[in-house]
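A, B, ... follow the sequence lines: proteins, then strands. Residue 1 opens every chain.
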Amino acid sequence: MTTETPARGERTARFDPGSYERKWQDRWEADGLYRANDDDPKPKRYVLTMYPYPSGDLHIGHWYAATAPDIVARMHRMRGDNVMFPMGFDSFGIPAENAAIARNIHPAIWTNANIERMRTQFRTIGAMFDWEREVVTSDPLYYRWTQWLFVQFYKAGLAYRAMGAVDWCPKDKVVLAREQVVGVERRCWRCDTPVEKRDLEQWWFRTTKYADEMLDFSGIDWPEPIKLMQTNWIGRSEGAEIDFAVEEATAEPIRVFTTRPDTIFGATFMVLAPEHSLVERLTTDDRRTDVAAYVANARRQTEIDRLNTEREKTGTFIGAYAINPMTDERIPIWIADYVLPGYGTGAIMAVPAHDERDYAFARRFELPIRHVVAPRDGEPQPDAAYVSHTDDEVLIDSGSFSGMAADEGGLAITARLAELGRGETAVTYRIRDWLVSRQRYWGAPVPIVYCAEHGAQPVPEDQLPVLLPEDVDFAPTGVSPLQSHEAFLAATCPVCGGPARRETDTLDTFVDSSWYFLRYVSPRDAEQAWDPEALARWLPVNLYTGGAEHAVMHLLYSRFFVKALRDMGHLSFDEPFEKLRNQGQILGADHQRMSKSRGNVQNPDDLTARYGSDAVRLFLMFIGPWDQGGPWNSSGIEGVHRFLGRVWGVAQPAALRGTAEIPGAPEELVRALHRATHTTIAGVTQDYEAFHFNTAIAKLMELTNAIVRARESGLSPTDAYAEAVDTLLLLLAPAAPHISEELWQRRGRPYSVHQQAWPVADPVLAAADVIELPVQVDGKLREKLVVTPDTPADEIERMALASEHVQRYLAGRTPRRVIQIPGKLVNIVTPRD
RNA sequence: GCCGGAGUGGCGGAAUGGCAGACGCGUCGGUCUCAAACACCGAUGAGUGCAAGCUCGUGUGGGUUCGACUCCCACCUCCGGCACCA
């Protein structure tokens with residue numbers, strides 16, 4: 001699409017992005033313009049966007065995600081930083097394997113072909129990626145170090161193998177980490193299939209060790225919602241663990257966790273999870289049949305059913321009694337599936353008067369309900385009621401603790417229990433350890449061998465990588481194809497040299513992505529995971545961008561990795577990403593997530609071919625706030641295309657237009673152009689920094705419109721005009737790198753526009769000569785005064801009161817007050833009636 | 001249920017205590033053209049008026065303030081996250 005720009009005199013070049021965009025992409029690449037050098041003395045800045053999964057084709061979302069950090073990276077580079085902005089591929093994972101099964105292509109071939117295609121497509125964005133640093137996680141050069149890291153974690157006791165009730169995706173036939181199971185419906189994060197529970201022996205990373213430290217976000221600039229999501233996910237609860245003796249003297253006490261030790265006088269029964277280890281021993285003979293039936297049934301329940309809060313409470317009495325350590329009262333012990341085996345101690349003291357779930361259970365099974373806290377000045381509650389928690393409540397009917405404030409009483413009760421040796425303060429977390437093993441082929445093999453005599457042994461570091469064999473059968477059998485590969489299975493025990501069997505599980509791809517940002521500093525180092533000097537120079541990442549959907553997966557795991565590696569002595573910083581910004585999602589025109597099955601995917605290639613990369617970049621950034629995303633509607637791209645056409649028009653060298661000499665351009669017009677130029681510098685700089693790309697582009701449009709008007713007034717031969725145009729190109733360069741480079745060159749400026757210094761606003765030139773001051777009467781706009789900014793307040797007041805319009809609304813009354821906000825407005829307040 | 005985010009013209013959005021609707025899309029009118037497309041110029045929140053203007057207007061209802069899209073209280077709707085977590 002080309003546009004004839006209006007020309008005075010001689011012909012000007014046509015605006016045709018197709019004629020120059022590719023040329024500049026090739027030139028930048030040939031010149032290594034965006035290579036980040038380790039020995040550059042300028043201050044370093046590491047800008048990173050989450051690397052993609054090589055699914056096949058670049059879509060509009062990739063453009064959206066890449067353009068914003070590219071703008072910021074480019075601006076920082078122009079401001080004098082040594083910027084590293086690398087890109088790579090998260091290339092292990094199940095889709096490649098599914099493609100292999102469906103189409104009989106080896107995952108490596110499928111993956112590499114996709115990477116090849118996406119690399120080419122990525123180039124059309126015109127981003128300043130340093131491709132020399134590319135990482136590909138399925139490359140043995142990379143996964144060798146993923147395996148090496150696993151071995152380090154194993155040796156440090158942070159990787160372990162254990163039996164667990166794990167989440168299993170029946171479609172992908174693979175276990176999932178707790179973080180990868182989404183929503184109430186408990187669905188697989190990747191394929192949306194409801195997961196099942198299975199008891200399996202698996203490999204785990206001890207993320208819980210860093211639960212507390214990961215609650216601390218001081219020193220990192222992250223969006224509040226992400227910090228909150230991580231905080232909630234980690235789910236720290238403070239309270240007490242309390243031992244309840246069992247009536248049968250030989251049995252060990254039941255330990256419960258509670259956040260409300262203040263309510264212990266109201267504990268009228270106990271509930272154990274059906275899976276609790278004491279159930280078998282405590283159940284009396286007469287209750288054994290019922291209890292066994294209940295336990296069996298609970299085991300058969302899907303987790304969805306079990307976690308359904310709407311469902312009526314179920315449970316059964318096991319025949320045994322415990323002793324409330326504060327009241328010495330004999331209370332019955334029940335089992336119920338609303339108590340979860342994996343949280344706290346898997347047992348609770350039930351306080352039905354002050355806990356909704358216990359209340360529902362007590363009502364159902366006619367158990368006693370006793371109030372032990374009450375609002376300080378509240379009405380007495382009927383016995384059968386549930387009393388919700390309030391800020392100001394006191395203990396009642398709680399022995400010597402009665403009358404104490406609830407929180408204070410909780411501490412006092414816990415202290416008393418500690419004296420008695422019956423309890424202590426305790427903290428529990430909801431976060432679980434990270435399940436990292438996967439029963440699939442296309443991942444980094446877990447570098448472990450099993451020896452009949454010496455058990456699980458890590459593969460010695462000099463034998464890494466454990467390579468994936470290529471000649472495997474991908475028939476969907478439900479087990480990893482590695483399990484039937486005899487040559488792969490056969491291994492040697494590193495301790496005794498005897499025969500051993502190789503682990504056939506591979507690592508979760510989130511293990512790969514938990515450290516890729518470290519590998520970019522020395523991506524081809526064959527001797528080590530990273531060059532420590534280069535790491536010290538570049539890390540931590542100064543700016544990280546990506547989707548908020550990774551809040552409790554990738555972003556949490558990466559923090560865990562860095563903290564663990566720090567404690568192992570491999571690096572010396574605490575957080576991977578100093579500043580994080582999330583992009584919103586670009587939805588289809590139907591307001592749904594773009595997906596091939598919905599057929600609402602917008603292909604950027606057609607748009608790029610029609611309007612050019614710059615227009616697509618600008619349009620995506622102009623839609624609205626970047627963190628908001630929104631439905632796709634391509635009709636607006638015409639607007640940015642027209643804008644670029646105007647930029648093209650005003651930036652043509654004056655000689656080309658054959659403009660006649662304008663004698664003495666009016667000085668106020670020149671000042672107005674200066675003012676527009678310098679206010680735009682300040683505004684755009686601020687907006688880019690704040691990720692307000694939509695308003696930055698609006699300001700660039702305004703400056704362009706001002707330049708168009710200036711040209712029409714005959715200002716094009718002036719220095720102010722040349723400065724305005726040059727400034728426009730410099731400010732536009734990060735967002736629309738191709739047209740800026742092309743016009744910069746056509747104006748005879750030195751290559752490259754992307755290596756020029758960022759313009760600096762002159763506050764004197766930016767200052768307004770006159771301001772328009774709104775005058776309100778009782779808060780309603782009635783007049784506008786045009787004054788110089790230094791007009792004294794009393795003069796402004798006199799002018800305002802003298803105004804005919806103001807006089808009309810005053811109607812002879814004397815103003816009660818005159819409020820002046822300097823430079824902003826005048827408000828005249830009339831007397832009240 | 002709990003925790004976040006959001007609600008402004010026909011549409012995307014701007015304004016974080018001070019002129020609501022910047023910038024753009026769309027629409028209408030015009031210029032250019034044999035005609036169209038492109039481009040350019042003008043208008044464009046609603047109501048009312050010949051007009052200057054006036055009245056209303058930022059999800060709803062209250063409040064604070066000289067002044068509220070912006071702050072406070074109560075609610076409604078949509079989006080996201082978490083959810084028998086004791």
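For A83(B), one of the phosphate oxygens OP1 or OP2 lies less than 4.0 angstrom from a side-chain nitrogen or oxygen of Arg178(A). Distances shown here put every side-chain N or O of Arg817(A) at or beyond 4.0 Å from the OP1 or OP2 atom of G67(B). For the pair Tyr809(A) and C54(B), the criterion of a side-chain N or O lying under 4.0 Å from OP1 or OP2 is met. OP1 or OP2 of A83(B) lies within a sub-4.0 Å distance of a side-chain N or O belonging to Arg430(A).
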Is there any protein nitrogen or oxygen under 3.5 Å from a nitrogen or oxygen in nucleotides 20-23 of chain B, and what are the pairs?
unit_1: A22(B); atom_1: O2'; unit_2: Glu702(A); atom_2: OE2; d: 3.4

Between the protein and nucleotides 56-58 of chain B, list every N/O to N/O distance that falls short of 3.5 Å.
unit_1: C56(B); atom_1: OP2; unit_2: Lys780(A); atom_2: NZ; d: 3.1

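Residue Phe361(A) is out of contact with every strand shown, counting any heavy-atom pair closer than 4.0 Å. Using a 4.0 Å heavy-atom criterion, one finds that Ile821(A) contacts the bases of the nucleic acid, with or without backbone contacts as well. Within the nucleic acid shown, Thr231(A) has no heavy atom closer than 4.0 Å to any nucleic acid atom. Arg808(A) comes within 4.0 angstrom of nothing in the nucleic acid, heavy atoms only.
Between the P atoms of A14(B) and G21(B), the separation comes to 15 Å (whole Å). Taking atom P in both G59(B) and C54(B), one finds a spacing of 25 Å when rounded to whole Å. Using atom P as the reference point in both A37(B) and G18(B), the two lie 44 Å apart (nearest Å).
Taking the O4'-C1'-N9-C4 or O4'-C1'-N1-C2 dihedral as appropriate, G9(B) has a value within 90° of 0 and is therefore syn.
Nearest to the side-chain atoms of Arg642(A) among the listed nucleotides A86(B), C66(B), A39(B) stands A39(B).
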Using a 4.0 Å heavy-atom cut-off to protein, can you give one letter per nucleotide of nucleotides 41-50 of chain B, 5' to 3': B if the base is in contact, S if only the sugar-phosphate is, - if neither? ----------

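Inspection of the Tyr429(A) and Asp212(A) side chains reveals an N or O donor paired with an N or O acceptor under 3.5 Å.
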